[in-house]
Each structure stands twice: as C-alpha cells, then as structure tokens.
**Q** 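Take this structure, written in structure tokens, and hold onto it; I'll ask about it next.
Below, all heavy atoms of this structure are taken into account, side chains as well, without hydrogens, waters or symmetry copies. So you know, we letter chains A, B, ... as the sequences are listed, proteins then strands, and number each from 1.
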Number of protein chains: 2
Amino acid sequence: MSIRIIFLGTAGAIPTAQRSLPAVLLQRGNEQLMFDCGEAVQRQMIRAKTGFHKKLKIFLTHMHGDHVLGLPGLLQTMALMDRQKPVEVYGPVGTAHFLACLQESLQFGLTYPVEIHEVTNAGLVCNEEEYTITAEHTNHGVTSFAYAFVEKPRPGKFHPEKAKALGIRQGQAWSQLQHGETLTLKDGKTVKPEDVSGPQRKGRKIVYTGDTRPFKAFAEFAADADLVIHEATFDDALIEKAELDGHSTPSQAAEEAKSAGAKSLVLTHISARYSEPQLLLGQAKKVFANTQVAEDFLELELPLGE
Amino acid sequence: MSIRIIFLGTAGAIPTAQRSLPAVLLQRGNEQLMFDCGEAVQRQMIRAKTGFHKKLKIFLTHMHGDHVLGLPGLLQTMALMDRQKPVEVYGPVGTAHFLACLQESLQFGLTYPVEIHEVTNAGLVCNEEEYTITAEHTNHGVTSFAYAFVEKPRPGKFHPEKAKALGIRQGQAWSQLQHGETLTLKDGKTVKPEDVSGPQRKGRKIVYTGDTRPFKAFAEFAADADLVIHEATFDDALIEKAELDGHSTPSQAAEEAKSAGAKSLVLTHISARYSEPQLLLGQAKKVFANTQVAEDFLELELPLGE
C-alpha cells in the first residue's frame, strides 16, 4: 500500500500568494491523516482533489490560529457534502473547547460524529491495526506535540518453494501463512510463517514536528524515520529570532534529521519573507543532503519497502 | 475620491478552485470597509495587495461560518504585522462572543484595539463625516443584515466666475465657500456657498445583501443605489431549493435591483455547482440588463459623480 504525502499548506504564521497555512495530508490507501489544519485547508483539498469522504484523522500540533483555523470550515463543508464517516481529531488540551465554542457561536450542524481525543502526554496517541501514532512534546512556548506515524512490521516475504518443500500446496494454507498464522499439518507437524518466509519487513515512519526549536528528545523520537517533515521558519542568519519565537532554522532542522538517522527531510512552515527556497535549502543541505523545501501541493510517494 | 470595490471571495457556502469564501472590500481613499469576512480573506487580501494597515471597518451580515471564519486569522495576521490602528467590527448579536471565545482558545494577542459593535436593529449603524452605513434585516433563517453604504451629499460645483463677480478673490475665501462656509465680506454682505455653487451633489450608494431570500423592505432600503451586490446562490431552476435554504436566484436578485431603481447589479455568493457564470448571468439580464456575475478579484471603480 503506497503512502502519498501532500503538502496542502507550507506557510509560517502568515500566508503568502504562494503558500497557504500549515497542513500536511498523509494518504495511505483509503485513509487520510492530516497534520495541522491551517485556514483554507478545505480549499487546498479541493484544489488537490483529495476528496471529503475518506476515513480521516486530524492531528493538531498546538492551538495557535495558523495551525487550527481551517478546522471549523472543513468540518462544515464536509457536513454540507453529507459526509457520514466520523472524523477523529487529536490535539492538545483545548481542542474540545475550541470546537465547542465555535459550534456554539456558528450553530453548525454536522452529518457525522466528530470524535475528539485530547493528547495530554507524550507517547502512544492511537494504535491502529496497521500503524501507530505517537506524540512527543516539542519546544515552542505553548504545549505543542510532534507526531510520528509508524507502520507496524509486515510479515516477511513469502517463499513458495519452501512451502512446497514442506508439502504445503498453493491455496488457503499459503494465505494463512502469509497472514501470520501457524499451520498444523495432517501429520501433526506445525509450520510457522517464519519457516516459509524471510525476515519481518519494517514499516514506514514519518515524523511531523509542527512548530519547535530543536529539542533533545527528537533524535530518539524520529529515529530511523523514512521522512522527517520539520519546520524551518527562519534562515540561519535569524537563529536568534528563531530561538526567541520558538522556531528552527534550516541547519537546525537538518541537524535534527541527521541526529535521528532519518532518510529524508522536508522543510516547511516557511516565513513569508522567503519568496524563493534556495537560501533555506542551501543551509540545510550542508548538514543533511537529502533535503527539500516544501511548496504547496508538493506530493511525495513513499513506496512500500521490500 | 474614487471608490474601488474588490471582490475578495465570491463563493457560496463551499469554496471552489476559482472562488474563495464571501468577502467584499470597499476602498474609499485610505479607508477600507469589508463586507463579510470568509475563510482565507487574509490571503485574498495579500493577492489583491490591499494592505493590512489602512483604516478598516468590517461588517458581518450573519454568524454562519462561511461568512465569518476569515476574521480571526485576519486579526492575527494584522497583529503579526504590528498594526496600530483600531479595527471596527460590526455584526449581529454573537459577534463579540465569537471573537471572545476564539481569543480565549487561541490565546492571541493583538497590537491594536478591536472595537465590536453589535447590530441589534435595522437602521443607522454608523455615521461618519462623509458617509453612513445602515442595516436592514434580510430573510435568511438566522438574524442577518444587509448593509447600505451611503455617501453624504457633497457641496455643489464651485463657479469661480460667480465668486469673482461678487468681488471675492481666489484664495482662502474660495476654499471656505467650497467647504460649505458662509463668508462675511468687508462691506457686511454675506455670501453663502450656494450663491457661488451649483446644486448639492448626491453621494454614491452601494448595497450588500449577504444571504437572503427576496424581502419586502429591499426596494426602499436599496432605492437608487449605484450598485447592488446581491447574492444569487442558485439558478432559477432551483428556486424551490433557494427558498428552502434562504437564498435567491438570479431573476429574483434582478427583480430586487429593478424594484429599487438601482443603476447596476453584481451577483455573488455563487454555488459551487456553477463553474461558468453564463447561466446565472443570462437569467438575471432578462430582468435587469446592467448585471454582472462577480468573480474573485473583480474590481469595480465607482467614480465621483458630477
């Protein structure tokens, strides 16, 4: 199952003609996971043709307007489109109050349930059949979480010749072994999946930081990530301003990705002062070569590993 | 002083790739009056290069999300840009609560005062030196106001030859007469502005409906308007849906403009189902010829009348 990452908004706190406010959509099969939900995300979704009826979880990093003000309009539009599936919203304490007071002020009805899960601690946030989401505190001045999407390992590659050698014929038995079940043969012998398969295959890992200064727990939290999506609001020359405002520079983001042993890095949450990405890109690449600077509607494909 | 109308958002309740959510900006000299404040209006302002530091009044027609969800982000961005001038916000009861709960949820600080004026009745909403804004109840299902911008009459055209004939020399005395003051000459005679000027010149009148079915008070409220900006969410074939949802069709909007004796009509709040304006335009033009369908960033200039 391939994973597609769509950058719906890549601006810092103020949008520009080129960049909408922060939102990153992870599409995995028919499921969508959205990280942050900046103003106008619904229109960005229309432009990117992502649809409004898929299984959807939304993860808010923190309760600053530029990261959450797209949520009420998105929820309303999905209701106008007669969405039926629930939407799960994860965010720091305050998420429920934010939505409750908007719903009270604007009196909007929904056609589907919104399930709010407030994240109070670092650690496991949700545990699905095929993946987990964990959170880690970032360093931004208000309570703010980075999120890691981690696929559970898949069974190793199935070797038909080994199954045949054990006298197991193609059919249901193969399928059971491929799905991790242990078989008992007619002669009483048992065959375990690992008897006919290669080693377990690691799932993919994607980390989204939200807003943050560099922080100590990052290296472990993002260890071996396939993709780190890190904020880089200001360029290296503004490192003091970044520190003051709770943000990172490209070199800092790159150091974080490097310390985690990540495979690739995308910089986002780019201040309106940078109309071109070259300056930021150059600073990051000196530290971590496999870097790119996000732009709105950038799409990345993360194929299933072997 | 010329008036420029900029359509920042022309969508109905759901935006499209072409249309952002409702907002119309009236620029008169260095002052801006915004009617409705749909999600993403701040980015539309950036695209239209309207600036964020001018004198600004915002008029909300009603508390539905598609008409107001651009306000918190706009206020925050103006604070990030260190705006100093106050912003005046006019809207129905609930406007203050809406902003208070957002400010509490998102903890945003402002660098300038926001003065909230809740409109409780039809009639005069604000009375400025050179214009007034009045409100009228529309027919939409929730409390909703249309707004009329009406310039006060300007003094008549000054006739230098009449002044000279009365022995008044060019200079300060002319300026005083042009600004409506009565002069007392050395010989004790008085000269009134009307002695040296033509008749008073009518100011311009612009009416913005917000969301509404046709309503009885409209003809008088919009009487002789230079420009009526009327919603036309659905085409004539969907008149029953329009009635049900509290909206108008192009023919209805055109009948309203005609009944008011308006000079021109612009249709806005266009449902996402219409990718081209021709259908709506044709239906309206049969009733009221001087009609156009708004699109995002349409700009109209209303020159100063003679």
**Q** For a 4.5 angstrom cut-off between non-hydrogen side-chain atoms, does B:Q42 reach A:L21?
**A** yes
**Q** Counting neighbours of CD on A:Q84 that are heavy atoms of other residues, nucleotides or ligands and sit closer than 6.0 Å, is the number greater than 12?
**A** yes
**Q** Counting only non-hydrogen atoms closer than 4.5 Å, does A:V41 touch chain B with its backbone (N, CA, C, O), its side chain (CB onward), both, or neither?
**A** backbone
**Q** Of the backbone (N, CA, C, O) and the side chain (C-beta and beyond), which part of B:V142 lies under 4.5 Å from a heavy atom of chain A, both, or neither?
**A** neither
**Q** Counting heavy-atom pairs under 4.5 Å to chain A, which of B:H62, B:Q44, B:M63 comes out on top?
**A** B:M63
**Q** Considering all heavy atoms of both residues, which atom of B:S20 and which atom of A:R43 are nearest to each other, and what is their separation?
**A**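 Answer, listing the atom of B:S20 first, then A:R43: CB-NH1, 3.5 Å.
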**Q** For B:S105 and A:H97, work out which heavy atoms get closest and say how close.
**A**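 It is OG-CD2, 3.4 Å.
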**Q** At a heavy-atom separation under 4.5 Å, does B:F98 approach chain A through its side chain, its backbone, both, or neither?
**A** both
**Q** Does B:D66 reach the side chain of A:T77, with side-chain heavy atoms less than 4.5 Å apart?
**A**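 Answer no - side chains too far apart.
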**Q** Which pair of non-hydrogen atoms, one from B:A13 and one from A:L80, has the smallest distance, and what is that distance?
**A**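 Result for this residue pair: CB-CD1, 3.5 Å.
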**Q** Report yes if the side chains of B:M81 and A:I14 come closer than 4.5 Å at any heavy-atom pair, otherwise no.
**A**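 Side-chain contact under 4.5 Å: yes.
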**Q** What residue in A:H67, A:E104, A:Q107 has the most heavy-atom pairs under 4.5 Å with chain B?
**A**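 Top count of heavy-atom pairs under 4.5 Å with chain B: A:E104.
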**Q** For the residue pair A:I46 and B:P15, establish whether any side-chain heavy-atom pair is separated by less than 4.5 Å.
**A**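 In short, these two side chains touch, coming nearer than 4.5 Å.
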**Q** Does A:E301 CD have over 12 foreign heavy atoms under 6.0 Å away?
**A**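 Result for CD/A:E301: enclosed.
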**Q** Given heavy-atom pairs under 4.5 angstrom as the criterion, report whether the side chain, backbone, both or neither of B:Q18 touches chain A.
**A**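 Only the backbone of B:Q18 comes within 4.5 Å of chain A.
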**Q** Hey, are the side chains of A:Q76 and B:H64 touching, using non-hydrogen atoms and a 4.5 Å cut-off?
**A**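 No, their side chains stay 4.5 Å or more apart.
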